[in-house]
S.K.: 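Before we start, here is the structure in question, set down as structure tokens.
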Amino acid sequence: MSANRLRTALTMLGIIIGITSVVLLLALGDSMQRFIGKELEALGTNMLFISPGGNRAAAQRMRAGAAPALTLADAAALNSLSSLAGAAPALQGGFKLAVGNETSSSSVSGVTPAMFKIRNWKMELGSVFSEADVRAASRSVIIGHKVADQFFYKMDPLGKYIRIENVAFQVVGVLHGEGKQIDGPDLSELVLVPITAARAHLIRNPFPDNVHYVVAQGKSDGNLQDAIEDINETLRDRHHIKFEEPDDFRIDNLASFAETAGKISAGIAALLGLIGAISLVVGGIGIMNIMLVSVTERTREIGIRMAIGAKPRDVLLQFLTEAVVICLAGGVVGIAIAMGLAAAITASGKFDVMISLSAVIVACGFSSLVGVFFGFYPARRASRLLPVDCLRYE
């Protein structure tokens, strides 16, 4: 190996590329699963979204003169169910925001204080508006930190005013954190007002008790499917839906979204690992070819060794050891390159890639197996050569 450094380096190159691919792709797959899990955790996997409309129900009930809807009374009825930790109604719409000469368009949600508990929204500054604010239709607003940075950069936003469709709302709080919300923009971009204030000043609705959707949270120690059945039974009874008629509402279960996303991310991670393994196999084939050439070039050396007492197993072990050492050395270099690339990707701030100890162990073990598997045939071929034929070989 030392006497043929260029050939050894070229032989190792295939393994280096293969190990780099395996380690980096496994790390990417693992990071993607963690990212999806984190996003779903931010959404809350024991939450249920109830919205008006269902399979063919909207058209049927509109023809009957009653469009499907959810009301504040529906939300109150759901909030009393023993299988739920709580239920909160919401109104939502897109509106123009303005502070001085700075303007933008954003989704504004009208919610109740219960929504903050159900969604596990934390406050960075200020406090949640109270039930008294809801009863008084107080023009209070809670904003995400990106909205605060846009309108009140390097200023304390508490007590300041934001005009929503030219109606002044006073900032009473800033939300903590960020993360995509299933029913709206990122948490850091939310604009929240009391649901009564949204109905009185922003969202003009001929049916003042109607809401756009209701968010419910199943109890942590309960069966979410039981909660879904209770919601279904309660709303069908309240909406006077006959047995043979379809629902005029839809229940979306975030737990099923999480399960589906988990299966998809696991499949993608496995596919990435398979692609990396293919690269490693290609590198192993390269090692086998080079080792076969090496056996041919060193035929006389093999003959001399066997003539002075070396047994076939000694020759087999010699060439097998060379193959394994090449693979392990290539594996170490490949892991170092993969760690450098992972650090570069993480430093870019776009994606957090972490190489786990298990991925390194798998890569080292796999590279050793490649060395044994693809080095065995050349080594076995070398051990079966006859010493007389080897000594006569030029």
Side-chain angles (χ1 to χ4, degrees), residues 1-2 4-42 178-180 258 261-294 319-379:
M1 290 171 61
S2 176
N4 299 277
R5 294 175 185 173
L6 179 59
R7 184 171 67 187
T8 302
L10 292 175
T11 306
M12 287 172 54
L13 187 61
I15 293 299
I16 291 171
I17 294 172
I19 290 294
T20 302
S21 302
V22 168
V23 174
L24 192 59
L25 291 176
L26 283 176
L28 284 170
D30 186 51
S31 299
M32 179 185 64
Q33 286 183 291
R34 286 200 312 274
F35 175 77
I36 292 175
K38 183 180 177 182
E39 290 295 309
L40 289 172
E41 185 180 350
E178 57 185 32
K180 183 65 179 175
K263 289 179 180 178
I264 292 172
S265 62
I268 294 174
L271 179 62
L272 291 175
L274 178 62
I275 294 171
I278 291 172
S279 302
L280 199 54
V281 170
V282 171
I285 293 173
I287 284 182
M288 184 171 65
N289 290 334
I290 295 298
M291 292 300 294
L292 284 172
V293 172
S294 179
F319 282 89
L320 202 55
T321 301
E322 287 185 22
V324 172
V325 168
I326 288 173
C327 285
L328 281 176
V332 170
V333 175
I335 290 168
I337 294 174
M339 293 178 71
L341 291 173
I345 294 172
T346 303
S348 69
K350 295 183 179 179
F351 202 61
D352 187 18
V353 180
M354 295 178 59
I355 294 179
S356 63
L357 180 61
S358 60
V360 173
I361 293 172
V362 167
C364 290
F366 207 65
S367 63
S368 300
L369 288 175
V370 167
V372 172
F373 184 80
F374 288 102
F376 181 77
Y377 175 70

S.K.: Any salt bridge (charged side-chain N to carboxylate O under 4.0 Å, His left out) pairs touching residues 322-339, not counting sequence neighbours?
M.R.: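 Salt bridge (charged side-chain N to carboxylate O under 4.0 Å, His left out) check on residues 322-339 returns Arg298-Glu322.
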S.K.: Taking side-chain contact (heavy atoms from CB on, under 4.5 Å) as the definition, give me every residue that meets it alongside Val332, ordered by chain and number, with sequence neighbours left out.
M.R.: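 Checked Val332 against side-chain contact (heavy atoms from CB on, under 4.5 Å); zero matches.
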S.K.: Indicate every side-chain donor-acceptor pair of residues 15-24 with a distance under 3.5 Å to a residue at least two apart or in another chain.
M.R.:
| residue | atom | partner | partner atom | Å |
| --- | --- | --- | --- | --- |
| Thr20 | OG1 | Ile16 | O | 2.7 |
| Thr20 | OG1 | Gly334 | O | 3.2 |
| Ser21 | OG | Ile17 | O | 2.8 |

S.K.: Hey, what do you get for CD1 (Ile361) to CD1 (Ile335), rounding to the nearest 0.5 Å?
M.R.: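 Going from the CD1 atom of Ile361 to the CD1 atom of Ile335 covers 9.5 Å.
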S.K.: Taking only residues at least two apart or on different chains, which pairs with a member in residues 329-342 satisfy side-chain hydrogen bond (donor to acceptor under 3.5 Å, both in side chains)?
M.R.: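 Listed by first then second residue: nothing to list.
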S.K.: Which atom pair, heavy atoms only, marks the closest approach of Gly330 to Met12?
M.R.: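 It is N-CE, 3.7 Å.
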